[in-house]
Amino acid sequence: MPRMMKSQLEEFMRRMAPNSVAIIPGAREATRSNDTHYRFRQDSDFFYLTGFEEPEAIAVIKPSETNKYALFVRPRDPEREIWDGRRAGVEGAMSEFGAQAAFPIAEFNSKLREILIDTDTLYYRLGVNRELDDTIIREISAMRGVNRKPIHSPQTIVDPASIVHEMRVFKTPEELEIMQVAADIAAEAHVEAMKAVRPGMQEYQIEALIEQVFRRHGAAGPAYTSIVGGGPNATVLHYINNDAELRDGDLLLVDAGAEYKGYASDITRTFPINGRYTKAQREIYDLVLKAQMQCVEMVRPGVTHDQLKRHSIEVLTEGMVELGLLKGEPEELIKEKKHEQFYMHGLGHMIGIDVHDVGKYYFGQESRPLEPGVVMTVEPGIYISPDTKDIPSQYLGIGVRIEDDVLCTNNGPRVLTHKVPKQAEEIEALMSNAD
Ligand code: GLY
Ligand code: MN
Ligand code: MN
């Protein structure tokens, strides 16, 4: 059966202004070095609307036309397909991807006037593809010049993200099914890592194991570069070298998520390399866990991103005062942002096709309230650099983050990543049973 137009595209059309057209380009191939490329990943908005995963594609959406949805694509080419693989081609764009018309990408420029003509509004995201920006601007400018003929060009250019990104904030049941698989795959990888880790291993061995699990289950790979940081490396927020030895007595922080059918998962766990947390590690760990679990519980309709962040700061700051990491009144310390020495990042972010997903966090000055269908990460942490002065020495070099992906529903939070343990006892039990 031919594939239908995606329901997301139909909804996008319903939200477009009267008498408008949208031009949505796909991603371009990215060079890795010389003449070799990274594996192609489609532009997230383009993928969301079309599901089409080849490079050199442009979607043209014009609800007032009989053919409302056209795709410009690479044509079939037996010679090139020997090297780069199968192309859907013009036929496939229609039969497999629901386009009502399709053309070779090389014809886009010559059809541009026809695309733009007699529309009031053009939806097009300026500033991403300068070459296409120029082509479109030149055409509009040329059309303006023809003022003694009945040729009307768009008067307004609107960023389609104003529609698409708001749609992407709310996940459909079909999207949530895929996100649950992405979460399950990542959870399994973290469990495997907990079972496998031993003092003397290298961080990259754990990275390899995790990404092996991702690929084994059909994930495209990691949704972002995996962070595998032992000991003090866990205090470097974006540590991705993953090339140090894992030492007895240290913690290991793993922040790794899979990209499955275009959707990301994002999990962090911090566990002891020898299978047992020390007393000091446990104190920091339990404090982060307390903040994390309370914030997960708060993921409910009406709660704002700022309220969540604020709560995590309060719990962590009070706890850090009790442990002697900070000295003073928690309220004062928060006012003076003293907690940022150890907790310097946000509580979390929305997640979907992009790991750091699109959508507004503020409406004007107001923090966005959560609503059913929103998926966000909850990922507080404490990072104590080894050269911190004037703190109890047992805490030096400890970095802990705990991160889950949480769906907001009318019935409370649903933790997509619940299959990987986070209570210290559960983790220790899992690790000791792995011997
Ligand atoms: N791994 C990226 C993040 O946690 O936001
Ligand atoms: Mn995250
Ligand atoms: Mn993460």
Side-chain angles (χ1 to χ4, degrees), residues 41 44 168-169 171 179-180 182-194 203-204 206-207 209-211 213-214 219-230 233-242 251-260 262-271 285 288-289 291-293 295-296 298-299 305 308-309 312-313 316 340 342-359 361 368 370 374-383 399-408 413-422 427:
R41 183 188 184 278
S44 299
R168 282 177 54 191
V169 169
K171 274 65 183 177
M179 289 188 73
Q180 185 61 66
D184 288 345
I185 293 171
E188 183 177 325
H190 278 258
V191 168
E192 292 293 315
M194 287 174 183
E203 290 167 347
Y204 51 74
I206 298 300
E207 179 183 6
L209 181 154
I210 283 170
E211 296 184 6
V213 177
F214 291 174
Y224 52 90
T225 308
S226 305
I227 296 171
V228 182
N233 292 338
T235 67
V236 179
L237 295 183
H238 289 164
Y239 177 78
I240 52 172
N241 284 356
N242 305 347
L251 291 175
L252 173 60
L253 183 154
V254 175
D255 183 345
E259 182 174 278
Y260 180 75
Y263 287 78
S265 54
D266 185 4
I267 301 180
T268 307
R269 289 293 183 268
T270 311
F271 45 95
Y285 188 86
V288 175
L289 185 62
Q292 204 262 359
M293 290 180 62
C295 289
V296 167
M298 286 173 69
V299 174
H305 288 279
L308 282 163
K309 169 84 204 233
S312 69
I313 291 171
L316 292 181
E340 288 184 3
F342 304 113
Y343 175 38
M344 59 294 270
H345 59 66
L347 175 69
H349 48 84
M350 292 186 278
I351 178 169
I353 297 176
D354 291 308
V355 62
H356 295 165
D357 213 19
V358 293
Y361 287 81
R368 175 176 207 144
L370 298 179
V374 171
V375 184
M376 65 170 295
T377 68
V378 176
E379 51 176 307
I382 291 180
Y383 313 91
V400 172
R401 178 164 64 254
I402 305 169
E403 175 175 29
D404 282 307
D405 305 345
V406 186
L407 167 68
C408 177
R414 197 172 105 203
V415 181
L416 303 184
T417 46
H418 68 96
K419 287 187 183 156
V420 52
K422 61 183 172 185
I427 292 176

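Start at 1 and go down the list; that is how both ligands and their atoms are numbered.
- To the nearest 0.5 Å, atom CG of residue Asp405 and atom CG of residue Asp266 are 5.5 Å apart.
- Side-chain atoms of Glu203 come within 3.5 Å of backbone N or O of Gly230 as a donor-acceptor pair.
- In the vicinity of Glu403, heavy-atom distances shorter than 4.0 Å reach the ligand 1 atoms 4 (O).
- Between Tyr383 and His345, the gap from one ring centroid to the other is short of 6.0 Å.
- Look at His349 and the Mn ion (ligand 2): an N/O/S atom of the residue is under 2.8 Å from the metal.
- For ligand 1, the polar-atom distance check against Arg401 finds no nitrogen or oxygen pair separated by under 3.5 Å.
- Of the N and O atoms on the side chains of Asp255 and Tyr224, at least one donor lies less than 3.5 Å from an acceptor on the other residue.
- Take the Mn ion (ligand 3) and draw a sphere of radius 2.8 Å; the protein N/O/S atoms inside it number 4.
- Of all the heavy atoms in Ile353 and Arg41, the pair that sits closest is O-NH2, 2.9 Å.
- For the pair Leu308 and Met376, the tightest heavy-atom approach, listed with the atom from each and the gap, is CD1-SD, 3.8 Å.
- Annotation for Lys309 and Leu347: closest pair CD-N, 3.6 Å, computed over non-hydrogen atoms.
- Contact between Val355 and ligand 1 is absent, with no heavy atom of the residue lying under 4.0 Å from the ligand.
- If you check which protein heavy atom lies closest to atom 2 (C) of ligand 1, you get His356 NE2, 3.6 Å.
- Of all the heavy atoms of Ile227, none lies under 4.0 Å from any atom of ligand 1, so neither backbone nor side chain is involved.
- Side chains of Thr268 and Leu253 form a contact here, defined as non-hydrogen atoms less than 4.5 Å apart.
- Shortest non-hydrogen contact noted between Ala186 and Gly257 is CB-CA, 4.1 Å.
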